[in-house]
Every structure is written in C-alpha cells, then in structure tokens.
*Asks:* 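The structure is given below, and queries will be raised subsequently.
Keep in mind that this is a model prediction, so the values were computed, not measured. Just so we're on the same page: letters track the sequence lines, and every chain starts at 1.
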Number of protein chains: 2
Amino acid sequence: MCQLHQKTIEMIVKEGLDGFGINKLAKAAGVSPATIYIYYKDREDLIIQTTLRVSNVMLEESLKDFDPDMGFEEGLRKQWHNRAQYFLNHPLDVEFIEKMRYSHLYDKVAVHLYTSFKEVMGRFYNGAVSRKELIPLPFEVYWAVAFAPLYQLIKFHTQEKAFGHKKFTLTEDFMEQALQLVLKALKP
Amino acid sequence: MCQLHQKTIEMIVKEGLDGFGINKLAKAAGVSPATIYIYYKDREDLIIQTTLRVSNVMLEESLKDFDPDMGFEEGLRKQWHNRAQYFLNHPLDVEFIEKMRYSHLYDKVAVHLYTSFKEVMGRFYNGAVSRKELIPLPFEVYWAVAFAPLYQLIKFHTQEKAFGHKKFTLTEDFMEQALQLVLKALKP
DNA sequence: AAGATAAGTGAGCGTCCGCTTATTTATGAA
DNA sequence: TTCATAAATAAGCGGACGCTCACTTATCTT
C-alpha cells in the first residue's frame with residue numbers, strides 16, 4: 001500500500017527513527033497495525049524497503065539522459081543538472097535519504113545499491129581521462145572535487161538556518177558559477 | 001561523570017538514536033539509571049549536551065593556530081590540515097556528530113553553535129577577497145568549493161565500503177592534490 | 001451460488017523503556 | 001564523633017511499543 005510508503009517517509013523525517021513507531025504509522029495511514037505486517041516482515045524491513053525504494057528512484061533520476069560516453073563538460077553539467085533537479089523537486093525524499101544515510105541501518109541498505117551506478121560513473125571518468133578532457137586523478141579525489149561542492153550548495157539551499165545573514169537560494173546562476181570553478185580545477 | 005559522556009557516544013554510534021536507551025546506558029556505564037538523572041534532566045538533555053560538548057571541541061580544534069588575517073593559501077591549507085587532523089584522530093566523535101547532524105534533535109543543538117566560528121570564517125573570506133587572493137563569489141559558493149571536497153575525501157576515508165574496488169586511504173599526498181585543485185579554482 | 005483464497009482488522013499480549021521514589025552510602029564541617 | 005548534605009542506588013511504576021491472533025470482509029474461480 002502506497003500510503004504506507006509516503007507516511008513512513010513523512011514521519012521519519014519529522015520525528016526521527018526514534019519516535020517512529022508502527023502504531024503511530026498505522027494510525028496516520030488509517031490502517032490497522034496488523035495490515036503493515038502483511039507487506040513488511042517487521043519494523044526494520046519496512047524502513048529498509050522504504051529507503052531502498054526512494055534511493056533507487058534517486059539514482060535513476062540522476063542518470064536520466066546521461067550517457068557515460070558523453071564529453072566531460074557536457075556530461076558533468078548534465079549530472080549536476082539531474083541531481084539538482086531531483087534534490088530540489090523531492091526535498092522530503094532527500095531529507096529522508098540523508099537521515100537514513102547516517103543511521104545504523106544504512107549498511108543493510110547500501111548492499112543493494114550503487115552497483116550499476118558505480119559502473120556508469122567509472123566509465124564516464126575513464127573516457128574523460130583518456131580523451132584528455134580531465135586531469136588524471138585518483139577517482140576519489142576527482143569525485144570529491146567534481147560533486148561535493150554541488151551537494152554542499154544543495155545542503156545550503158535546503159537548510160532552514162542560513163550560514164550567513166540571509167537564507168541561501170540555489171539559482172541556475174550560482175550553479176553555473178560553481179560548475180565553472182569545478183571545471184577550471186579539473187580540466188587539463 | 002565522564003564515563004557517561006563516552007558511553008553515550010559509543011552507543012549512539014553503534015546502535016543509533018533508536019536503540020539507545022537510558023537503562024542500557026546505565027548498565028554499560030556501570031551506574032544506576034537514577035544516577036544519570038542527577039546530571040541530566042532527561043534523555044533528550046543527555047543527548048543534546050553530549051552533542052554540544054563534542055561539537056564545541058571540534059570547532060575549537062578546527063581553528064587551532066588559525067588567524068583570519070592569514071594569507072588565503074596559507075589559511076586554507078591550515079584549515080584543511082586542522083579539520084583532517086581532527087577527523088582522522090577522532091573518528092568516533094565525528095561519526096557521532098554526523099549521526100546527530102541528521103537527526104531531528106539537531107535544531108536544538110545548532111542554536112548554541114557556530115556564532116564565533118561564522119564570524120572568523122567571514123573575516124577570513126573578506127580579507128582574502130579584498131587582497132585579491134580569492135575570486136569574489138557568493139559566500140556559499142566559495143564555501144562549497146573550498147571545503148566540501150575535503151569533507152568528501154574524509155568521508156571516503158572513513159567509509160567501510162569502498163566506492164571503487166579497493167578501500168580509500170586519505171594520505172597527505174591526496175590531500176595536497178585536492179587542495180591544489182581547489183586553489184586553482186578559487187584563485188584569480 | 002458455493003467455496004477457496006487473499007486482504008484487512010480490532011483487541012490486546014508480553015516486554016521494554018523512561019523516569020521516580022524511598023533508601024542507603026560517602027563526604028566533610030564543627 | 002556528630003550530623004547535615006551530597007552522591008548514588010535498587011526496585012519498580014505507568015505507559016508505550018512491536019507484534020500477533022482470531023476473526024471478518026472482499027475478490028476470484030468454477
């Protein structure tokens with residue numbers, strides 16, 4: 001039942017993993033506690049399956065219209081765009097994933113993720129290096145410089161509390177500005 | 001009692017906010033549950049105070065030997081160094097802070113943090129711009145490019161699961177390499 | 001229409017949790 | 001030594017929690 005999926009996300013975001021309970025969820029979704037156990041083995045299974053579902057959508061979205069054999073600048077821009085789109089359009093799901101990423105249950109989720117994603121990303125990276133569009137770097141260094149700034153900007157955007165005096169809003173301009181800096185750093 | 005502080009961190013890292021309970025903590029610390037309530041108002045107060053204590057140490061460490069009027073490259077390198085030192089020397093505390101950062105209790109912690117830190121960082125940023133050592137940028141864009149890659153590298157280092165085929169270890173070399181890329185991006 | 005299966009439920013079980021209370025033990029000033 | 005205060009405790013209350021069970025209702029097959 002899809003109601004359960006959505007309510008689970010909402011409640012965990014709002015109240016945290018502690019404070020999230022089966023009885024509360026059942027009441028919020030308008031079903032009997034017993035109904036939940038038709039679809040999920042137990043509380044942990046419910047949380048893990050929900051996390052998996054959301055994460056998979058996110059990964060799919062971030063690869064939309066992306067081809068690992070694209071040129072480096074074009075490919076990187078596409079990925080920044082896709083990620084930003086998803087993050088800005090699904091703030092609740094993103095907050096949910098982040099909460100889960102730092103929970104002790106995440107290990108049990110991570111096993112089932114990223115396999116094809118990693119492959120595609122590796123291929124894109126290798127292609128760019130071999131075409132001399134990207135400085136040869138340890139993959140992790142490349143990744144950190146190429147994507148971490150984007151995630152940080154999105155975090156600033158999402159955050160209630162501003163770091164500086166006023167609330168930060170992520171515009172196309174700011175994104176392009178940051179992307180240019182990253183390209184400047186990574187291009188030979 | 002300092003035993004409580006440490007055990008709280010250990011248990012929350014290991015079992016998460018759910019699964020962390022007063023009775024368990026008391027048993028692990030070898031005291032009576034009632035003793036905990038001599039020092040802390042309730043469960044939430046215990047968690048918040050513990051988080052505050054750890055966070056404050058982290059912020060202090062990251063400003064060690066740092067002067068906001070330093071030259072840009074020297075100052076940025078010092079900050080990268082301080083953060084890396086702290087993160088690599090206190091992996092448990094870092095994991096604890098990250099868990100807490102994404103919990104629903106973090107709002108109640110954040111209020112008491114960052115005030116002087118933000119001021120120092122702002123001063124450093126303004127000085128560097130006015131000396132033309134740093135491209136003028138929105139503060140958030142600067143921050144994202146300047147520090148997010150470091151945090152990402154540390155995350156790779158800390159992570160059990162490797163992104164690629166083999167476990168990533170953050171060396172001085174990798175850090176310097178990444179720092180050079182960031183400087184290349186940010187310098188006029 | 002009859003029977004079989006799936007989907008869903010309300011009530012509540014046993015357990016564990018946060019927290020309190022009545023009491024004991026350690027500390028220290030006179 | 002006396003006695004007030006602080007520090008710590010063991011035992012356990014009330015309530016919420018995860019989960020189950022006996023049962024009803026909806027759906028499908030022939």
*Asks:* Please list each protein N or O that sits under 3.5 Å from an N or O in nucleotides 20-24 of chain D, with the distance.
*Replies:*
none

*Asks:* Between residues 13-20 of chain A and DNA chain C, which residues have a heavy-atom gap below 4.0 Å?
*Replies:* none
*Asks:* With sequence neighbours excluded, what pairs up with A:Y106 under the ring-ring contact (aromatic ring centres under 6.0 Å, His included) test?
*Replies:*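 Partners of A:Y106 under the ring-ring contact (aromatic ring centres under 6.0 Å, His included) test: none.
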*Asks:* Is A:Y39 near enough to C:dA7 that one of its side-chain N or O atoms lies under 4.0 angstrom from OP1 or OP2?
*Replies:* no
*Asks:* Partners of A:Y125 by ring-ring contact (aromatic ring centres under 6.0 Å, His included), sequence neighbours excluded?
*Replies:*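 With sequence neighbours excluded, A:Y125 shows a ring-ring contact (aromatic ring centres under 6.0 Å, His included) to A:F139, A:Y142, given in chain and number order.
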*Asks:* Please answer whether the main-chain N or O of B:G30 pairs with a side-chain N or O of B:K7 as donor and acceptor at a distance below 3.5 Å.
*Replies:* no
*Asks:* With sequence neighbours left out, what residues match A:K14 under salt bridge (charged side-chain N to carboxylate O under 4.0 Å, His left out)?
*Replies:* none
*Asks:* Between B:E44 (CD) and C:dG18 (C1'), how many Å, whole number?
*Replies:*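 From B:E44 CD to C:dG18 C1': 13 Å.
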*Asks:* Just to verify, what does B:R83 make a salt bridge (charged side-chain N to carboxylate O under 4.0 Å, His left out) with, not counting sequence neighbours?
*Replies:*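 Applying salt bridge (charged side-chain N to carboxylate O under 4.0 Å, His left out) to B:R83 gives none.
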*Asks:* Tell me the interatomic distance from B:K27, atom NZ, to D:dA11, atom P, rounded to whole angstroms.
*Replies:* 12 Å
*Asks:* Taking only residues two or more places apart in sequence or in another chain, which ones pass salt bridge (charged side-chain N to carboxylate O under 4.0 Å, His left out) with B:E60?
*Replies:*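 B:E60 satisfies salt bridge (charged side-chain N to carboxylate O under 4.0 Å, His left out) with no residue once adjacent residues are dropped.
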*Asks:* Find the distance B:I38:CD1 to D:dA7:C1' and express it as a whole number of Å.
*Replies:* 5 Å
*Asks:* Nearest-Å distance, CG (A:L25) to P (D:dA16)?
*Replies:* 18 Å
*Asks:* Write down the protein N/O and nucleotide N/O pairs, taken from nucleotides 14-16 of chain C, whose separation is under 3.5 Å; answer none if there are no such pairs.
*Replies:*
none

*Asks:* Please enumerate all residues that pass ring-ring contact (aromatic ring centres under 6.0 Å, His included) together with A:Y86, with sequence neighbours excluded.
*Replies:* A:H90
*Asks:* To the nearest Å, how far apart are B:R43 CZ and C:dC17 C1'?
*Replies:*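 Rounded to whole Å, this separation is 9 Å.
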*Asks:* Nearest whole angstrom, please: distance from the C1' of D:dA7 to the CD of B:Q3.
*Replies:*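 It is 17 Å, rounded to the nearest whole Å.
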*Asks:* So, are A:K155 and A:E98 salt-bridged, with charged N and O less than 4.0 Å apart?
*Replies:*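 The answer is no: the pair does not qualify as a salt bridge.
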*Asks:* Would you please name every residue forming a side-chain hydrogen bond (donor to acceptor under 3.5 Å, both in side chains) with A:D65, sequence neighbours left out?
*Replies:*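 Testing A:D65 for side-chain hydrogen bond (donor to acceptor under 3.5 Å, both in side chains), a comparison that skips the adjacent residues, returns none.
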*Asks:* Applying salt bridge (charged side-chain N to carboxylate O under 4.0 Å, His left out), can you list everything that pairs with A:K132, at least two apart in sequence or on another chain?
*Replies:*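 With sequence neighbours excluded, A:K132 shows a salt bridge (charged side-chain N to carboxylate O under 4.0 Å, His left out) to no residue whatsoever.
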*Asks:* How many whole angstroms separate atom CD1 of B:I22 from atom C1' of D:dG12?
*Replies:* 17 Å
*Asks:* Pairs of donor and acceptor atoms involving the side chains of residues 174-188 of chain B, under 3.5 Å and at least two apart or interchain, shall be tabulated with distances.
*Replies:*
from, atom 1, to, atom 2, distance (Å)
B:E176, OE1, B:R77, NE, 3.3
B:E176, OE2, B:R77, NH2, 2.7
B:E176, OE2, B:Q180, NE2, 2.6
B:K184, NZ, A:K184, O, 3.4
B:K184, NZ, A:A185, O, 3.2
B:K184, NZ, A:K187, O, 3.1
B:K187, NZ, B:E73, OE1, 2.5

*Asks:* Measure from CG on B:D42 to P on D:dG15 and round the result to the nearest Å.
*Replies:*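 Rounding to the nearest Å, CG of B:D42 and P of D:dG15 are 18 Å apart.
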*Asks:* If you check every side-chain atom of B:T35, which of C:dC19, C:dT9, D:dA8 has the closest atom?
*Replies:* D:dA8
